[in-house]
Number of protein chains: 2
Amino acid sequence: MQDKHYDWKEKIRSNGGRLTTPRKIIFNILNSTPKHLSAEDVYFIIHKKNPKIGLPTVYRTLDTLFKIGYLNKFDFGDGHFRYELSDFQNKHQHHHHLICTKCGKIVDYTDFIEKETKLVNLTEKELSKKYNFRIDNHIFQFYGLCNKCKK
Amino acid sequence: MQDKHYDWKEKIRSNGGRLTTPRKIIFNILNSTPKHLSAEDVYFIIHKKNPKIGLPTVYRTLDTLFKIGYLNKFDFGDGHFRYELSDFQNKHQHHHHLICTKCGKIVDYTDFIEKETKLVNLTEKELSKKYNFRIDNHIFQFYGLCNKCKK
DNA sequence: CTAACTGCAAATTCTTTGCATTAGT
DNA sequence: ACTAATGCAAAGAATTTGCAGTTAG
């Protein structure tokens, strides 16, 4: 249980998918960084060693992983989506974000999650009842200015 | 105090801006709906009566209003930004969002805000101290499936 | 084998920019 | 009059699509 990723390959296959070289590489890239990578970030990394792999493949692979639930997809407002492996793989803790609206710096914080969790669960329960939604996920983001940009 | 919008015109002028026809129309469009409009939504509405006003003007006006703090800008993940007049104009209450990942339906909820507020304030305080940020704003969004899409 | 995936190029979509003209103040 | 803002057309940037060739199962 050290690594719950063991089954991503199985998940791909069981959906009729194939375990191709680009998919393996892209998964590994995501799995070896705590950062939120954009499609272009991934492409840049991959391109150094595998110049044959194209940007469309990166987009398609990220979408595939997103659809089977292995990726979180964020928009921090800088004009492109960013991805990270999902939290349920216990390698990464669930976290929220603190975003500098000037320089784009992003801080993942986990510090206050515990206090928040109880309330979040309660809120999810009440919301799902009142609005008849099945809630799968949430994004909490705080926006402001980082120490440098505050001047 | 019924309508705090009284001063938006003043705010525009005091920044060296001009009170043009497109700006007045666009402000009124935003002011007469509780919805989250995209630039194209605004353009579509405006275009029926004022076909001369172009999409770039809409984008520029939205950006202007955003910069002087009269607009909130959201990305719900459907590929374009959406805008609404800011909460501090007491016409709209501060609210969070519930988003259907299948059909894109968005529910604004204000119900649990009160309970959340205390925690949010506390979290903002602790985060701003720990990470030395000045926090101006936050976005909380829950994602899931609405009653129709749950099937 | 054969259907899914890739790689390339071209298309789409949303948003921004350059510039000559118009219109607030 | 002065200069910000507009309207048009065209450019940019991120992402998606079509399709012929490749490859995993």
Side-chain angles (χ1 to χ4, degrees), chain A residues 8-29 36-68 70-83 101 104, chain B residues 8-29 36-68 70-71 73-83 104:
Chain A
W8 81 275
K9 299 178 178 180
E10 208 31 65
K11 182 98 178 195
I12 289 268
R13 283 213 192 83
S14 67
N15 281 36
R18 289 174 184 181
L19 211 58
T20 63
T21 309
R23 287 179 177 181
K24 282 186 266 184
I25 297 176
I26 290 169
F27 188 92
N28 285 335
I29 288 173
H36 314 89
L37 301 180
S38 66
E40 207 153 348
D41 292 337
V42 173
Y43 175 67
F44 182 76
I45 295 169
I46 229 174
H47 192 263
K48 284 185 290 191
K49 297 214 165 185
N50 300 68
K52 282 281 196 69
I53 296 172
L55 198 43
T57 298
V58 173
Y59 275 104
R60 284 183 286 221
T61 301
L62 292 172
D63 192 50
T64 302
L65 293 172
F66 176 68
K67 279 185 179 142
I68 63 170
Y70 276 72
L71 276 190
N72 290 329
K73 188 176 179 180
F74 292 104
D75 192 309
F76 295 131
D78 60 346
H80 46 239
F81 291 108
R82 298 186 165 276
Y83 301 84
T101 50
Chain B
W8 80 275
K9 298 178 179 179
E10 209 31 64
K11 183 96 178 194
I12 288 269
R13 283 213 190 84
S14 67
N15 282 35
R18 289 171 185 182
L19 211 58
T20 63
T21 308
R23 287 179 175 181
K24 283 186 268 185
I25 297 176
I26 290 170
F27 188 93
N28 286 335
I29 288 172
H36 314 89
L37 301 180
S38 66
E40 208 153 348
D41 292 337
V42 173
Y43 175 68
F44 183 77
I45 296 170
I46 227 174
H47 192 262
K48 284 185 289 193
K49 298 213 164 185
N50 301 68
K52 281 281 197 67
I53 296 171
L55 198 43
T57 299
V58 172
Y59 275 103
R60 282 184 285 222
T61 301
L62 292 172
D63 193 49
T64 302
L65 292 171
F66 177 68
K67 279 185 179 144
I68 63 170
Y70 276 72
L71 276 190
K73 189 175 179 180
F74 291 105
D75 193 307
F76 295 130
D78 60 346
H80 46 241
F81 291 109
R82 299 187 163 274
Y83 300 84

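From a predicted model like this one, the values you see are computed outputs, not experimental measurements. Below, chain A is the first sequence line, B the second, and so on; all start at residue 1.
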Okay, side chain of A:R82, backbone of A:L37: is any donor-acceptor separation there less than 3.5 Å? no

Taking the six-membered ring for Trp, are A:H47 and A:Y43 parallel (under 30°), tilted (30 to 60°) or perpendicular (over 60°)? tilted

Expressed as a whole number of angstroms, how long is the span from B:K9:NZ to C:dG24:P? 13 Å

Interatomic distance, A:H80 NE2 vs C:dT16 C1' [rounded to whole Å]: 16 Å

For A:P51 and for A:R23, find the nucleotide of DNA chain C with the closest heavy atom, then tell me which residue's nucleotide is more 5'. A:R23

Round to a whole Å and report the spacing from CG of B:N50 to P of D:dG7. 9 Å

Does the plane of the ring in A:W8 sit parallel, tilted or perpendicular to the ring in A:F27? Use 30° and 60° as the thresholds. parallel

Sidechain-backbone polar pair: B:T61 side chain, B:T57 backbone, donor-acceptor under 3.5 Å: yes

Taking only the side-chain nitrogens and oxygens of B:T20, find out if one of them lies under 4.0 Å from OP1 or OP2 of D:dA5. no

Rounded to whole Å, the CD1-P distance (A:I25 to D:dA24) equals 12 Å

In whole angstroms, the gap separating P of D:dG25 from CD of A:E10 amounts to 11 Å

Does B:K73 qualify as a cation-pi partner of B:Y83, given the criterion of NZ or CZ under 6.0 Å from the six-membered ring centre and within 45 degrees of its axis? no

For D:dT16, does either OP1 or OP2 sit under 4.0 Å from a side-chain N or O belonging to A:Y59? no

Is the base of C:dT16 touched by the side chain of B:R60 through a donor-acceptor pair closer than 3.5 angstrom? no

Less than 4.0 angstrom between a side-chain N/O of A:T57 and OP1 or OP2 of C:dG7, yes or no? yes

Counting the atoms with a prime plus P, OP1 and OP2 as sugar-phosphate, which does A:P22 contact under 4.0 Å by heavy atoms, base, sugar-phosphate, or nothing? sugar-phosphate

Atom-pair distance (NZ on A:K24; P on C:dT6), nearest Å: 12 Å

Regarding the side chain of A:L19, the nearest nucleotide among C:dT15, D:dG7, D:dG25 is D:dG25

Specify the residue among B:G16 and B:I53 whose closest nucleotide of DNA chain D lies further upstream toward the 5′ end. B:G16

Expressed as a whole number of angstroms, how long is the span from B:K52:NZ to C:dT22:C1'? 10 Å

Looking at the side chain of A:R18, which of C:dG7, C:dA3, C:dT16 is the nearest nucleotide? C:dA3

5'-most contact on DNA chain C: B:G79 or B:T21, nearest heavy atom basis? B:G79

Between A:D63 and A:G17, whichever has its closest DNA chain D nucleotide further toward 5' is A:D63

What is the distance from CD1 of B:I12 to C1' of C:dT25, rounded to the nearest Å? 14 Å

